[in-house]
Amino acid sequence: MPRHGSSTSITVLGECVADAFTDPARSDPGELVLRALPGGGPANTAVALARLGTPTRFLGRFSDDVFGTLFRTRLSTSGVDLTDSVTAPEPSTLAIADLDKSGQATYTFYADGTADWQWTDEELATTGWDGAACLHTGSLALIRHPGGTRIEDHFAKAREHATVSIDPNVRPLLVPPAAYRERLPRWCALADILRLSEDDLDLLLPGVSPEEACDTWHTAGARLVVITLGERGALASLDGVHVTVPTPAVDVVDTVGAGDSFTAGLLHRLAALGHLGGRLDTLSLTDVTDACTFAAHVAALTCSSAGANPPHAELVSRYMNGE
C-alpha cells in the first residue's frame with residue numbers, strides 16, 4: 001500500500017563524484033586552476049530530496065581522501081542520513097568538467113578502481129532498506145563492475161516492499177552505450193519509475209521518438225517513464241498515456257545536476273501525493289502532471305546557480321508562486 005504524508009522516506013544508492021571545473025580567472029599559461037564541487041548523480045538526487053524536505057538516506061561508499069570528506073559534509077549538512085554508508089579504502093571518483101557557452105558540461109572521468117563501484121554482497125546486505133517507501137539508484141553505480149549486478153540483485157529483493165526508481169544517466173566515455181542497452185530491459189523489469197534525458201534516449205535508442213521509447217520501456221516493465229527534454233520541458237508516460245510539461249523560464253548559469261534535481265522533485269512530489277510504497281497502482285495522469293511540473297521548477301532553479309546546487313523547499317515555493 002502507498003505510504004502517505006510528509007514523513008515518507010526515500011533511500012538513494014549510488015556514487016559521489018568530485019566535479020572539477022576550470023577557473024579561467026585564476027589560471028595563467030603556466031597553470032590550470034580547478035574548482036572542485038561535490039557531485040555524482042545519485043548524491044545530487046539525495047541532496048535535492050533532503051533540501052525539499054523528504055527524509056532521505058544515502059547509501060554510498062566514501063573514500064577517506066579529501067573528496068570523501070567533501071562528499072560527506074555536503075550530504076550531511078543538507079540533511080541526508082548517512083548511517084548505513086560505507087567507509088572505503090579506494091580513492092574517490094573525479095570528473096573534469098568543461099562547460100560550453102550554453103552551460104552544458106562535457107566530462108573527462110578518472111574512475112578506474114575507485115570506491116563507488118566496489119559494492120560487495122556483504123555490504124549491501126547490511127544496508128538499511130527497511131522503512132523506505134522508495135529506492136532510487138542508477139547512473140554509473142548500476143552499470144560498472146563489480147558492484148552493478150550486485151545492486152540489481154538487492155533491488156530485486158527490496159522492491160517487494162518499496163517503489164523502485166532508476167535513472168540510467170548514460171556516460172558513454174566510461175561505459176559503451178551497448179552495455180546500457182543490454183541491461184536496460186532488466187532495469188525496466190525492476191523499476192516502477194524510469195527517468196532519463198533526451199541525450200540518454202539518443203544513445204540508447206537512436207532515431208526513436210520519445211513517445212515510441214516510452215512505449216518500448218513500458219513493454220519491458222516500467223509503469224512511469226519520464227524523459228526530460230531540456231528547454232522543451234519533459235515528456236511523461238503512464239502506462240502509455242503521454243503528457244508534456246513545459247520548462248519554466250530561468251536565467252541559466254549551467255545545467256549541471258538539473259536532471260538529478262528533476263528526479264528528486266518528481267519523487268518528492270509523488271511521495272507528498274501518497275503514491276510511493278508500491279507499484280504506483282493509484283497514480284493518475286493528473287498527479288503525474290502535477291509531479292512533473294513541480295520537478296521542472298526544481299530543475300530550473302538548479303540551472304540558475306553554478307554546479308549541482310539544488311534549491312531548498314522555500315525557494316521552490318516562492319518560484320512557483322511567481323515571487
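For the ring-ring contact (aromatic ring centres under 6.0 Å, His included) test, no residue two or more places apart in sequence or in another chain qualifies with H136.
Both L283 and I193 are members of a single hydrophobic cluster when ILVMFWY side chains are connected at heavy-atom separations under 4.5 Å. With hydrophobic clusters built from ILVMFWY side chains whose heavy atoms lie under 4.5 angstrom apart, V298 does not share a cluster with V245. Tracing side-chain contacts under 4.5 Å through hydrophobic residues (I, L, V, M, F, W, Y), one never reaches V17 starting from L173; they form parts of separate clusters. Both V66 and L82 are members of a single hydrophobic cluster when ILVMFWY side chains are connected at heavy-atom separations under 4.5 Å.
When atom types are taken as modelled, the side chain of D19 and the backbone of L37 share no donor-acceptor pair closer than 3.5 angstrom. Between the side chain of R150 and the main chain of W119, a donor-acceptor pair closer than 3.5 Å is present. A donor-acceptor contact shorter than 3.5 Å links the side chain of T263 to the backbone of G259. Although no hydrogens or angles enter the test, the distance criterion places a donor-acceptor pair under 3.5 Å between the side chain of T56 and the main chain of T54. Within the 3.5 Å criterion, the main-chain N or O of S197 finds a donor-acceptor partner in the side chain of D200. Side-chain atoms of R181 come within 3.5 Å of backbone N or O of L203 as a donor-acceptor pair. A donor-acceptor pair under 3.5 Å links the side-chain atoms of W117 to the main chain of A111, judged by distance alone. Between the T137 side chain and the I166 main chain, no donor and acceptor come within less than 3.5 Å of each other. Within the 3.5 Å criterion, the main-chain N or O of D116 finds no donor-acceptor partner in the side chain of E15. Within the 3.5 Å criterion, the main-chain N or O of G277 finds a donor-acceptor partner in the side chain of T163.
Between the CG atom of D260 and the OG1 atom of T45 there is a distance of 4.0 Å, given to the nearest 0.5 Å. In this structure, OG1 on T108 lies 9.5 Å from CG on L94, to the nearest 0.5 angstrom. Rounding to the nearest 0.5 Å gives a distance of 5.5 Å between CG of L270 and CG of L276. Atom SG of C292 sits about 5.0 Å away from atom CG of L266, to the nearest 0.5 Å.
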Exercise. Check the pair R61, E123 against salt bridge (charged side-chain N to carboxylate O under 4.0 Å, His left out), reporting the backbone distance first and the verdict last.
Key: CA-CA 10 Å; R61 300 184 86 256; E123 288 171 345; 3.0 Å; yes

Exercise. Show your working on side-chain contact (heavy atoms from CB on, under 4.5 Å) between L238 and V225 and close with a plain yes or no.
Key: CA-CA 7 Å; L238 178 64; V225 180; over 6 Å; no

Exercise. Carefully, step by step, assess D28 and V33 under the rule side-chain contact (heavy atoms from CB on, under 4.5 Å).
Key: CA-CA 8 Å; D28 61 39; V33 176; over 6 Å; no

Quiz item: Between L34 and I96, does a side-chain contact (heavy atoms from CB on, under 4.5 Å) hold up when you go through it step by step?
Solution: CA-CA 9 Å; L34 300 175; I96 307 297; 3.9 Å; yes

Exercise. Please report the C-alpha distance between T126 and E122 in whole Å, then the side-chain angles of each, then the deciding distance to 0.1 Å, and finally whether the side-chain contact (heavy atoms from CB on, under 4.5 Å) criterion is met.
Key: CA-CA 7 Å; T126 60; E122 291 75 19; over 6 Å; no

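Between the side chains of R195 and N169, not a single donor N or O lies within less than 3.5 Å of an accepting N or O. Counting only N and O atoms by type, the side chains of E90 and S63 include no donor and acceptor under 3.5 Å apart. The closest side-chain donor-acceptor pair between S92 and D65 falls under 3.5 angstrom. Remark: the H218 side chain and the D239 side chain contain no N/O donor-acceptor pair separated by less than 3.5 Å. Residues S209 and E212 bring a donor and an acceptor atom of their side chains to less than 3.5 Å of each other. Under the 3.5 Å distance criterion, with hydrogens and angles disregarded, a donor-acceptor pair is assigned to the side chains of R74 and N44.
Between D81 and P55 the shortest side-chain heavy-atom distance does not fall below 4.5 Å. Two residues are said to be in side-chain contact when any heavy atoms from C-beta on lie closer than 4.5 Å; L224 and L194 fail this criterion. With a 4.5 Å cut-off on side-chain heavy atoms, L174 and L140 count as touching. Side-chain contact between I143 and W187: present, with at least one pair of heavy atoms (C-beta onward) separated by less than 4.5 Å. Side-chain contact between V12 and L59 is absent, with no heavy-atom pair separated by less than 4.5 Å. A heavy-atom distance below 4.5 Å is not found between the side chains of S9 and R57. Side-chain contact between W217 and L184: present, with at least one pair of heavy atoms (C-beta onward) separated by less than 4.5 Å. Using a 4.5 Å cut-off on side-chain heavy atoms (C-beta onward), F262 and T228 make contact.
In terms of heavy atoms, L190 sits closest to E152 at CD1-O, 3.8 Å. Among all heavy-atom pairs drawn from V226 and A234, the shortest one is CG1-CB, 4.4 Å. A pairwise comparison of heavy atoms in I151 and A141 identifies CD1-O, 3.3 Å as the closest pair. Taking every heavy atom of both residues into account, P146 and Q118 meet most closely at CD-OE1, 3.5 Å. What you find for A132 and T11 is that their closest heavy atoms are CB-OG1, 3.4 Å. Of all non-hydrogen atoms in V80 and F58, the two that sit nearest each other are CG1-CB, 3.5 Å.
In the displayed structure, E211 atom CD is contacted under 6.0 Å by more than 12 heavy atoms of other residues, nucleotides or ligands. Around atom CZ of R186, more than 12 heavy atoms belonging to other residues, nucleotides or ligands sit under 6.0 Å away. The environment of F62 atom CZ is dense: over 12 non-hydrogen atoms of other residues, nucleotides or ligands sit within 6.0 angstrom. Applying the 6.0 Å contact sphere to CG of D121 captures more than 12 heavy atoms from other residues, nucleotides or ligands.
Ion pairing between a basic and an acidic side chain is recognised when a charged N comes within 4.0 Å of a carboxylate O; R232 and E198 show such pairing. In this structure, R223 pairs ionically with D281, as a charged nitrogen and a carboxylate oxygen lie closer than 4.0 Å. Under 4.0 Å is where a charged nitrogen must lie from a carboxylate oxygen, and between R144 and D112 at least one such pair does. With respect to the salt-bridge test (charged N to carboxylate O, under 4.0 angstrom), the residues D192 and R159 qualify.
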Validation: residues 312-323 side-chain donor-acceptor distances under 3.5 Å, sequence neighbours left out:
| from | atom 1 | to | atom 2 | distance (Å) |
| --- | --- | --- | --- | --- |
| Y319 | OH | A249 | O | 2.7 |
| N321 | ND2 | S317 | O | 3.1 |

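Checked options T255, V253, V256, T247; the residue passing with C303 is T255 (criterion: side chain to side chain contact (heavy atoms under 4.5 Å, CB included)).
Counting only residues at least two apart or in different chains, side chain to side chain donor-acceptor pair (under 3.5 Å) contacts with residues 291-305 comprise S261-T302.
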